[in-house]
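We use all heavy atoms of the structure for the numbers below, so side chains are in, but hydrogens, waters and symmetry mates are not. Counting begins at 1 with the first residue of the sequence.
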Amino acid sequence: MIHISHLTKFFGQQDIFTDVNLSLHAKEKIGLIGRNGSGKSTFFKILLGEDSAQEGEVKLPTDFKIQALEQHLDFAEGATILRQVASRLPESGVNEQWKAESILMGLGFSQEDFGRHPSEFSSGFQIRIRLAEALVSDCDLLLLDEPTNYLDILSLRWLSRFLKSWKTAFMLITHDRHFMEEVVTHTIAIHRGRMRKMPGGPTKLMGQIELEERVHEKTRQNQVKKREKTEKFIQTFRAGARSAGLVQSRIKSLAKQDIGEKLVHLPQIKFNFRSELFRADSLMEVKHLNFAYDPAEPLVQDFSLSILNGERVAIIGRNGKGKSTLLKLLTKHLEPNSGKIRHNPALKIGYFGMDSKDELSPQKTILEELITSASGITEQQARNVSASLLFTGESAKKSISTLSGGEKSRVCLGKVLLHSNHLLALDEPTNHLDMESCEALANSLKIFEGTVLFVSHNEELIAQVATRLILFDGGRIYNLDMGYEKFLKTMGFSDEMSLHDNDSLQSSKGKQDYLDKKEEKKRQRKLEADLKKVEKAIEKLEKKKVQISDQLTKACVAKDTEKIRILGMEVKALDDEIEGLYDELEALI
């Protein structure tokens, strides 16, 4: 158990959190939520001993081990991926290399990747290696700061299952509300400089906080009205001799009246995507599209598609398979190797790509970048958009070169917000947004009157927004006329494997064991269904036999020989049928 008492942290004049008192218990799975800049990562650093608070203390049990997801990407020379991850296994598990293999495969690496050096992979996959190191480690508390940012949808689903079976405690920071809801048992919110812990997921705690703040404000307004009424009475009757006693009583009452502090308004990001009326049914037609950076590894093969006005199309699948490439092809940011992409001549596209921030001018301010994004943009329009993205006042004059990656992404989204579009083409728009901002984005996309085409690994966003799916799965691209929930129920990802058990996927044999177990479970489910079906049939025939036997008894009493003969034959036929079903039941068992 960790005891945190009277913890206070501030930077200069800015309070981060004040007088925090919490206990963290063994095996608790905790989600840590709060607005960007609220101090979530700072709290992690204090727990790790990498930062200190001005007041208060954190008491850890003796020999308590905390492991965090490391962010630095310097790897030893000569280290393969598998060796790098297996080196973090506890001493008691030195012969359990299969655990490292299982986790790496769950995070999207293949067995062929195991012998490669981490530097051969993108920074996103290097973060996955660091995540694998954390997941194999032996610790009492695991700290995961935004582990979902660099995972694709399949790796996220695997990690969700893995964390549900985590044996010790962990604390998780993520903007992905759906993911957090799936894995945590408790939530801690950093809100208005205070920390609050509650059993359940983030939605429950945020709902409770919102309810309490509404009650607080209503109570405060009633207190204000009551005070104003008292003051008016005192003012009206102060001069009257007869009412002197009443006035003095009200003055004393006024001195005791306490008015709650008015809560400061917390600004929220607002996405007001502007649409323009599109007077045709079809936005684009794609015929026999082919593209590859390397001819030996084609990303898009013979792909055809029609996008109609008003559709919401999500492009989903594993990372590195061509989702972002397809979005660039469809928006003509890339030229295909072959095939045709025909846009309606009137089509206006608002494009936000993962590399859009690389096109920003470092020397410009936020306002200058927005104003110069197109002709006709006024300073007031730019200020309105920058304010909606929380760049208010002097912060709108910050230089692009001084911004964080998340802030640059918001500027790029601002450039889309400034223009009216028929089609929004967005690549991973929720990256770097906090939980509330992700929700605001989903709501804005749902009410956008144009068409939306987006790449995302955020399952909540996909489920809320998408009406159609473009699925990269098993080396193929599928055009699916269905939403995400229906897709999961009816199809699912063909290469999604449950790595929930740590004894699965011990190299190729482990993989085959997993497939055998999966097939066995399938057979078991079918067997149970067949058994139930036969048992119900036997039960039905037994009831029928009882009814006919009763009739036979009555026929015997009445000495109705013809009826006795017919009913006797029916009983014999039922007996034969029941006996056959019992033979079938025995064969199934």
Compute whether any side-chain donor of one residue and acceptor of the other, for Glu285 and Ser306, lie under 3.5 angstrom apart. yes

Using side-chain heavy atoms (C-beta onward) and a distance below 4.5 Å, is Leu326 in contact with Leu289? yes

Heavy-atom count check: over 12 atoms from other residues, nucleotides or ligands less than 6.0 Å from Lys197 NZ? yes

Aromatic contact, Phe109 with Phe125 (centres under 6.0 Å): yes

Less than 4.0 Å between a side-chain N and a carboxylate O, is that true for Lys532 and Glu535? no

Should the pair Arg410 and Phe391 be classed as cation-pi, given the thresholds of under 6.0 Å to the six-membered ring centre and 45° from the axis? yes

Once the angle between the rings of Phe291 and Tyr293 is folded into 0 to 90°, is it parallel (under 30°), tilted (30 to 60°) or perpendicular (over 60°)? perpendicular

Test your reading of the model: is there a side-chain donor-acceptor pair from Ser102 to the backbone of Lys99, 3.5 Å cut-off? no

For a quick check under 3.5 Å, do Arg468 and Asn479 share a side-chain donor-acceptor pair by atom type? yes

How about Asn309 and Leu283: do any of their side-chain heavy atoms sit closer than 4.5 Å? yes

Do the side chains of Leu445 and Leu424 get nearer than 4.5 Å, heavy atoms only? yes

So which atom in Ile188 and which in Leu205 form the shortest heavy-atom distance, rounded to 0.1 Å? C-CD2, 4.1 Å

Any heavy-atom pair between the side chains of Ile173 and Leu144 that's under 4.5 Å? no

Would you say the side-chain atoms of Ser160 and Trp158 include a donor-acceptor pair closer than 3.5 Å? no

Compute whether any side-chain donor of one residue and acceptor of the other, for Glu213 and His191, lie under 3.5 angstrom apart. yes

Ion pair check, Arg88 and Glu70, cut-off under 4.0 Å: yes

Donor-acceptor pair, distance only, cut-off 3.5 Å: does the side chain of Asp427 make one with the backbone of Phe352? no

Compare all side-chain heavy atoms of Leu172 with those of Ile30 and state whether any distance is below 4.5 angstrom. no

If the threshold is 4.0 Å, N to carboxylate O, is there a salt bridge linking Arg116 and Asp113? yes

Distance only, no hydrogens: is a donor on one side chain within 3.5 Å (strictly under) of an acceptor on the other, for Thr148 and Asp176? no

Check whether Lys29 reaches the backbone of Trp166 with its side chain - one donor and one acceptor, N or O, closer than 3.5 Å. yes

Main-chain N/O of Cys438 paired with Thr430 side-chain donor or acceptor, under 3.5 Å: no

Could you check whether Glu101 and Gln111, counting side-chain N and O atoms only, form a donor-acceptor pair closer than 3.5 Å? no

Within 45 degrees of the ring normal and closer than 6.0 Å to the centroid, is that where the cationic atom of Arg157 sits relative to Phe493? no

Close side-chain approach of Glu460 to Glu439, heavy-atom, < 4.5 Å: no

For Gly406, is there any backbone N or O sitting under 3.5 Å from a side-chain donor or acceptor partner on Lys357? no

So that I can tick it off, tell me whether Asp152 and Arg318 are bridged by a salt bridge, with the cut-off set at under 4.0 angstrom between side-chain N and carboxylate O. yes

Do Leu135 and Phe170 have side chains that approach each other closer than 4.5 Å (heavy atoms only, starting at C-beta)? no

Matching residue for Lys348 among His343, Glu276, His422 - test: side chain to side chain donor-acceptor pair (under 3.5 Å): Glu276

Does the pair Arg196/Glu212 count as a salt bridge with the N-to-O cut at 4.0 Å? yes

For Lys446, is the NZ atom crowded, meaning more than 12 foreign heavy atoms sit under 6.0 Å from it? yes

Does the side chain of His288 come under 3.5 Å of the side chain of Asp302 through a donor N or O and an acceptor N or O? yes

Glu182 side-chain N/O to Phe179 backbone N/O, donor-acceptor pair under 3.5 Å: no

So, Asp294 side chain and Ala292 main chain: donor-acceptor pair closer than 3.5 Å or not? no

Which residue pairs pass the side-chain hydrogen bond (donor to acceptor under 3.5 Å, both in side chains) test when at least one of the two sits in residues 482-493, sequence neighbours left out? Glu459-Tyr484

Quick one: which of Thr331, Thr451, Leu330 gives a side chain to side chain contact (heavy atoms under 4.5 Å, CB included) with Met284? Leu330

Anything under 30° is parallel, anything over 60° is perpendicular, the rest tilted; go ahead and classify Phe273 against Phe448. perpendicular

If we ignore angles and hydrogens, is there a donor and acceptor under 3.5 Å between the side chains of Arg177 and Thr203? yes

Candidate pair Ser304 and Val286, rule side-chain contact (heavy atoms from CB on, under 4.5 Å), full reasoning: CA-CA 5 Å; Ser304 298; Val286 181; 5.6 Å; no

